[in-house]
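Everything below concerns the one structure shown next.
Counting starts at 1 for both ligands and their atoms, following the listed order. Computed from heavy atoms alone, side chains included, the values below leave out hydrogens, waters and symmetry copies.
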Amino acid sequence: MGLSPFRRAGSLSSHSASPSKAFSGRQSRLKSRTVLFGLMAAIFLFATGCSMDGMSTWDALGPVAEKQLELFNVLLWAMVAVFVLVEGVLLYAIIRYRKRPGQPKPPQIHGNTTLEITLTIIPTILVLGLGIWSVFTLFDLEDPPTTGPDALHVNVTAHQWWFEFEYPDTGSGKHIITANELRIPVDRPITLSLESDDVIHSFWVPKLAGKLDMIPTHVNEMWFQADSDKIDEALPVTLFGQCAELCGLAHALMRFRVTVMDQADFDSWAAAYGPPPANTEQAKAGQQLFQQNCTLCHTIDGPDDPALSASRLSGFLTGGDITPVPAPNLTDLRTRQTLAAGITDLTEAHLREWLRNPEDLKPGNYMSSRAVLYQGGNASLSDQEIDQLVAYLLDIR
Ligand code: CUA
């Protein structure tokens, strides 16, 4: 009796632990610290490695990303200051007041009202200040600016595992539906309505704005803009986007591009939007093949008919082996840079590979599992048929 629990525990362990045991304990602690340090270094390298793919949030190219980056920097540096200060005082106290041999037990005190009040007020002010800054930034970014050029509106629908972009009116009255590549005019606010037609996805173009969830049956609104004075290269410039919410098997392969262009280039792209012309014998044969095998899921002659989209969606939700599913609109495929939701360059060779066996390029995709062509047997495409389809889709002459 009379001994503090700490002292009792301490005296027990000093009796039971032999010196060699204490040594091996220290060694294993050292080992686990080395492992922990290695792990943290790996995580750091892995996390910073993302910026090499053009996905850096530190390179803000428009007002929304810039404001968010500013808030992030304020939060980051305030927290770094608090961390350094608190850890500094802690380390100082640990080293300066450590137990030395022969030193008497220091006086035991409890409570210091002034210190406690100070240490309550400082964090409260800090948290309130940063909270208010965050809320004001949110309000600030709620709507695009009302001065300057009109906003261009785009409806974005996420599907497992690709993005659909619909421009209800590109400005000249043209209605466009395309996939996986969003084209936007520079220096113009882009307003986006985000929705999903299956599971929850998330829309993210790091250089233009933060992430926003894409939710079935609920529309989320956001806007961003790409500023010409923040872009160093000559236009058009291609930015990277990625689904940022785990959404199933091919989540990591659900990417997209945002191409920032001059208004004039954007207008000529919009004006040229239309089905591939099928000018050669090869392309005509491809067109026929496409009509016979692909139109259940893919549209190639302009915006998708809403009734058809609805029936594809219900086919997808019903499931089963051979049912239609929502699939990328291919009307402007020949003007795109990438294939299969931004996972590879759109070249003749890659398109051939994709048509031969989509599963090789993008495991889990619904074309492999639902289209008759990929169920094996006589329905499979021959090399000649693949050539014809490629000639048609890419308008090769
Ligand atoms: Cu869609 Cu992750």
Side-chain angles (χ1 to χ4, degrees), residues 43 46-47 49-57 65 68 154-166 177-184 190 192-224 238-259 297-299 304 309-310 312-319 323-330 333 336-346 354 358-371:
I43 289 170
F46 194 68
C50 293
S51 64
M52 293 193 289
D53 199 21
M55 297 280 291
S56 173
T57 50
Q68 290 169 339
V154 185
N155 295 317
V156 189
T157 309
H159 305 266
Q160 275 177 331
W161 288 276
W162 57 282
F163 291 89
E164 178 173 302
F165 300 113
E166 177 189 25
I177 295 183
T178 181
N180 302 321
E181 291 184 22
L182 176 66
R183 289 162 191 266
I184 60 168
I190 312 298
L192 305 123
S193 298
L194 308 177
E195 204 178 1
S196 163
D197 80 4
D198 38 56
V199 300
I200 299 177
H201 303 261
S202 175
F203 186 81
W204 190 32
V205 192
K207 295 191 180 191
L208 294 179
K211 305 161 185 173
L212 191 61
D213 273 1
M214 308 180 76
I215 301 168
T217 74
H218 173 85
V219 177
N220 270 337
E221 308 280 350
M222 77 183 289
W223 74 278
F224 53 57
T238 299
L239 311 177
F240 293 82
Q242 161 84 48
C243 174
E245 175 85 40
L246 184 61
C247 56
L249 205 55
H251 155 70
L253 300 176
M254 185 170 169
R255 301 177 203 160
F256 62 104
R257 298 287 191 277
V258 178
T259 303
C297 305
H298 291 283
T299 300
D304 300 70
S309 296
R312 286 169 182 160
L313 180 60
S314 84
F316 171 75
L317 297 173
T318 309
T323 46
V325 293
N329 187 307
L330 299 179
L333 182 74
R336 292 184 207 156
Q337 304 167 34
T338 61
L339 181 65
I343 62 175
T344 184
D345 293 340
L346 176 57
W354 172 255
E359 198 65 12
D360 280 348
L361 209 57
K362 190 173 181 179
N365 78 85
Y366 283 101
M367 186 156 101
S368 319
S369 57
R370 300 281 182 96

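Outside the 6.0 Å centre-distance limit, the rings of W162 and F256 are not counted as a close aromatic pair.
Here the straight-line distance linking atom CZ of F165 with atom CG of N180 works out to 7.0 Å at 0.5 Å rounding.
By the ring pair (Phe, Tyr, Trp, His ring centres under 6.0 Å) test, H298 is found to be paired with no residue, residues two or more places apart in sequence or in another chain being considered. With sequence neighbours excluded, no residue forms a ring pair (Phe, Tyr, Trp, His ring centres under 6.0 Å) with F224. Residues forming a side chain to side chain contact (heavy atoms under 4.5 Å, CB included) with P324 (at least two apart in sequence, or on another chain): L296, C297, R312.
Of all non-hydrogen atoms in P216 and D198, the two that sit nearest each other are CG-O, 3.0 Å.
Ordered by chain and number, H201 ND1, C243 SG, C247 SG, M254 SD make up the set of protein N, O or S atoms under 2.8 Å of atom 1 (Cu) of ligand 1.
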